[in-house]
2 protein chains.
Amino acid sequence: MISNLQTRRLQKYRMALLRLKKMGLKKTFSHSLSDETGISPELIRKDFSILGIRGKRRGGYEIEGLLDELKKLFGRVKEQNVVLVGLGNIGSALVNYENYRQSNMHLVAAFDIDPSKRQRKYPVPVYTLDNLREVVDAFEVSVAILAVPEFSAQETANYLVENGIRGILNFAPVLLKLPGHVLVNNINVMIELERLMFHLGIRQNAELV
Amino acid sequence: MISNLQTRRLQKYRMALLRLKKMGLKKTFSHSLSDETGISPELIRKDFSILGIRGKRRGGYEIEGLLDELKKLFGRVKEQNVVLVGLGNIGSALVNYENYRQSNMHLVAAFDIDPSKRQRKYPVPVYTLDNLREVVDAFEVSVAILAVPEFSAQETANYLVENGIRGILNFAPVLLKLPGHVLVNNINVMIELERLMFHLGIRQNAELV
DNA sequence: TTTAATATGTGACATACGTAACAAAAAATG
DNA sequence: CATTTTTTGTTACGTATGTCACATATTAAA
């Protein structure tokens with residue numbers, strides 16, 4: 001099995017490889033990828049080895065071949081449809097985000113309770129949550145981006161799950177409590193900033209001051 | 001030492017505790033926190049134990065006390081100033097974000113190359129990057145949120161580091177290559193969506209189809 | 001064609017991490 | 001006041017994760 005930690009590393013390799021490819025390179029080495037990603041060359045080789053990806057004993061790895069293998073894991077061949085719920089500050093930013101296609105994803109619809117949001121021009125159709133089930137069924141959506149205010153996040157998340165959503169990318173700054181089969185990935189700016197400061201050693205707390 | 005994984009757990013505890021507190025509870029148990037966070041009760045007790053936090057053998061833990069201890073680690077007593085670079089879609093959303101204060105952080109300024117951005121009404125002053133050093137020095141800023149387009153991310157990040165920034169919360173979908181002493185935390189919506197789908201088993205790749 | 005150089009692939013090892021088991025303390029009960 | 005119940009605190013253990021060392025393949029050079 002492929003662990004969460006390993007998955008994250010593989011994603012990092014992919015980003016690094018895309019960068020190297022853009023620079024015009026055709027092949028690379030565990031050593032170079034280590035430079036790019038900060039991951040040790042041995043671990044990189046081991047990761048590739050586990051996936052059955054093989055390089056040449058002196059010639060390194062083919063970038064294109066590596067990307068193909070990783071694409072088999074992450075980049076879906078069939079486009080995956082996702083929906084966005086909540087068109088506040090963050091939601092509006094995400095609806096105009098342009099990198100979906102690059103990852104073979106497609107934002108098919110957005111939802112908001114505020115009817116005025118439906119008037120404005122967005123690059124995807126905007127509905128109320130009443131239409132969720134319909135969209136989920138029609139576009140075979142299993143993942144939603146949740147960008148509603150904190151106070152309604154749990155309630156909305158429940159509703160999403162009731163209507164067939166199995167994965168949630170949660171931007172609301174709360175811990176969602178959902179059935180075990182539902183996967184939640186949290187993106188919380190404050191939490192990230194805090195951890196950044198924590199590891200920088202910025203801890204002017206009561207005792208130290 | 002306190003590891004990255006443990007740090008993430010502690011942050012999760014804090015979120016859960018805030019929720020329980022809001023519900024009016026005064027004390028809690030490793031078992032209840034496990035319910036909230038999905039982390040095993042044994043590990044929760046161990047984490048607390050390592051931090052020197054002690055409960056009562058049958059009465060559980062005081063929520064307020066726990067939060068105080070965690071605040072000593074994460075919630076800085078002295079407000080920490082951060083800056084935001086890039087006022088595109090995501091940057092504009094983050095400048096209007098309201099949770100900074102809650103984490104004892106303060107967004108002191110935003111930066112953008114586009115002069116028209118400086119005309120619009122934002123809740124913080126907007127400068128060009130020429131003024132960065134000035135702001136960094138005046139407000140003792142060490143962490144920046146980077147929300148510029150992909151093509152200028154690396155260049156901008158370099159500039160930030162040259163001007164005293166030691167930690168970057170990077171929203172640009174690229175792997176930044178920076179000196180070892182600089183800490184980078186990436187937030188990449190596509191990467192998160194991909195991992196979510198990966199773990200959901202959504203892998204309609206060439207072989208399987 | 002031999003030798004040297006370089007980079008992979010992998011098995012052994014060390015460390016980190018989380019789980020399980022259980023003793024000790026505190027509260028509730030009879 | 002003794003006993004039972006509950007929940008913590010900690011030690012021992014097993015698994016996962018990453019590093020180290022080195023044999024092996026490939027290319028370049030002499």
Side-chain angles (χ1 to χ4, degrees), chain A residues 1-14 16-17 20-21 25-70 73 175 180 183 195 198-199, chain B residues 1-14 16-17 20 25-70 73 175 180 195 198-199:
Chain A
M1 245 313 86
I2 190 163
S3 74
N4 192 293
L5 281 171
Q6 199 184 1
T7 312
R8 287 174 185 267
R9 283 199 303 274
L10 295 175
Q11 291 186 301
K12 237 181 185 175
Y13 302 151
R14 194 152 80 96
L17 289 165
L20 294 174
K21 185 185 176 185
L25 296 175
K26 296 290 178 195
K27 61 180 189 176
T28 188
F29 308 94
S30 61
H31 172 261
S32 322
L33 279 172
S34 174
D35 247 31
E36 295 286 322
T37 60
I39 298 162
S40 82
E42 298 89 343
L43 188 51
I44 292 177
R45 294 202 297 273
K46 215 169 191 179
D47 279 335
F48 289 167
S49 174
I50 290 167
L51 295 182
I53 300 172
R54 319 205 73 85
K56 279 187 181 171
R57 287 271 170 164
R58 191 174 169 166
Y61 300 89
E62 296 255 338
I63 290 178
E64 201 57 49
L66 276 173
L67 281 171
D68 281 350
E69 289 293 333
L70 292 173
L73 288 171
L175 225 50
L183 255 165
R195 205 169 52 249
F198 179 81
H199 284 118
Chain B
M1 246 310 88
I2 190 163
S3 75
N4 191 293
L5 281 171
Q6 200 184 1
T7 313
R8 287 174 185 266
R9 282 200 302 274
L10 295 176
Q11 290 185 302
K12 234 178 189 178
Y13 301 151
R14 195 152 79 96
L17 289 164
L20 293 175
L25 296 175
K26 297 291 177 195
K27 63 180 187 177
T28 187
F29 308 94
S30 60
H31 173 261
S32 321
L33 279 172
S34 174
D35 247 30
E36 295 287 322
T37 59
I39 298 161
S40 81
E42 298 90 341
L43 188 50
I44 292 176
R45 294 202 297 273
K46 210 172 191 179
D47 280 334
F48 289 167
S49 174
I50 289 167
L51 296 182
I53 299 173
R54 319 206 72 84
K56 278 186 182 172
R57 287 272 169 161
R58 192 173 170 164
Y61 300 89
E62 297 254 335
I63 291 179
E64 202 56 50
L66 276 172
L67 282 171
D68 282 351
E69 290 293 332
L70 291 173
L73 287 170
L175 226 49
R195 205 169 52 251
F198 180 81
H199 284 118

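Proteins get letters first, then strands, A, B, ... in listed order; numbering begins at 1 in each.
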Trainee: Between Tyr61(B) and dA26(C), is there a side-chain N or O to OP1/OP2 distance below 4.0 Å?
Mentor: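 Answer no for this pair, as no side-chain N or O of Tyr61(B) is under 4.0 Å from OP1 or OP2.
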
Trainee: Has the side chain of Arg58(A) got a donor or acceptor that lies under 3.5 Å from a partner of the other kind on the base of dT27(D)?
Mentor: yes

Trainee: Can you tell me the distance, in whole Å, between the NZ atom of Lys56(B) and the C1' atom of dA25(C)?
Mentor: 12 Å

Trainee: Tell me if a side-chain donor or acceptor on Thr37(B) pairs with a main-chain N or O of Leu33(B) at a distance below 3.5 Å.
Mentor: yes

Trainee: Between Arg9(B) and dG18(C), is there a contact of a side-chain N or O with OP1 or OP2 at under 4.0 Å?
Mentor: yes

Trainee: Without decimals, in angstroms, what is the distance between Leu51(A) CG and dG9(C) P?
Mentor: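 Distance check: Leu51(A) CG to dG9(C) P gives 12 Å.
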
Trainee: Can you tell me the distance, in whole Å, between the CG atom of Asn4(B) and the P atom of dG18(D)?
Mentor: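 Spelled out: CG on Asn4(B) to P on dG18(D) is 12 Å.
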
Trainee: To the nearest Å, give me how far apart CG (Leu43(A)) and C1' (dA14(C)) are.
Mentor: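 Going from Leu43(A) (CG) to dA14(C) (C1'), I get 15 Å.
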
Trainee: Tell me the interatomic distance from Arg45(B), atom CZ, to dA25(C), atom P, rounded to whole angstroms.
Mentor: 16 Å

Trainee: Hey, is the side chain of Ser40(A) poking within less than 4.0 Å of OP1 or OP2 on dG18(D), counting only N and O atoms?
Mentor: no

Trainee: Check the surroundings of atom CD in Gln6(A): do more than 12 heavy atoms from other residues, nucleotides or ligands lie under 6.0 Å from it?
Mentor: yes

Trainee: Give a yes/no on whether any side-chain N or O of Arg54(B) is located under 4.0 angstrom from OP1 or OP2 of dT10(D).
Mentor: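 Result: yes.
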
Trainee: So, is Ser30(A) close to the dA7(C) phosphate, meaning a side-chain N or O under 4.0 Å from OP1 or OP2?
Mentor: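 No, outside the criterion.
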
Trainee: Answer yes or no: does a side-chain N or O of Ser49(B) lie under 4.0 Å from OP1 or OP2 of dG9(D)?
Mentor: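 It does not, given that no N or O in the side chain of Ser49(B) lies less than 4.0 Å from OP1 or OP2 of dG9(D).
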
Trainee: Among Ile53(A), Leu67(A), Thr28(A), Asp47(A), which one satisfies side chain to side chain contact (heavy atoms under 4.5 Å, CB included) with Tyr13(A)?
Mentor: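 That would be Asp47(A); it is the only one of Ile53(A), Leu67(A), Thr28(A), Asp47(A) passing the side chain to side chain contact (heavy atoms under 4.5 Å, CB included) with Tyr13(A).
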
Trainee: Can you tell me the distance, in whole Å, between the CD1 atom of Ile50(B) and the C1' atom of dA16(C)?
Mentor: 11 Å

Trainee: So which nucleotide from dT19(C), dT17(D), dT19(D) ends up closest to the side chain of Lys46(B)?
Mentor: dT19(C)

Trainee: Please determine whether the number of non-hydrogen atoms from other residues, nucleotides or ligands lying under 6.0 Å from atom CD of Glu36(A) exceeds 12.
Mentor: yes

Trainee: Counting any heavy atom closer than 4.0 Å, what does Gly55(A) reach on the DNA or RNA strands: base, sugar-phosphate only, or nothing?
Mentor: sugar-phosphate

Trainee: In this structure, how many angstroms lie between the P atom of dC17(C) and the CD1 atom of Ile39(B), rounded?
Mentor: 14 Å

Trainee: Write down the distance between CG (Leu33(B)) and P (dG9(D)), rounded to a whole number of angstrom.
Mentor: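 Value for this atom pair: 13 Å.
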
Trainee: Counting distance alone, no hydrogens or angles: does the base of dT24(D) have a donor or acceptor under 3.5 Å from a partner atom on the side chain of Arg57(A)?
Mentor: yes

Trainee: Roughly how far, to the nearest 0.5 Å, is the CZ atom of Arg45(A) from the OH atom of Tyr61(A)?
Mentor: 6.5 Å

Trainee: Give a yes/no answer on whether the side chain of Ser3(A) brings an N or O atom under 4.0 Å of OP1 or OP2 in dT17(D).
Mentor: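 Affirmative; the distance criterion is met.
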
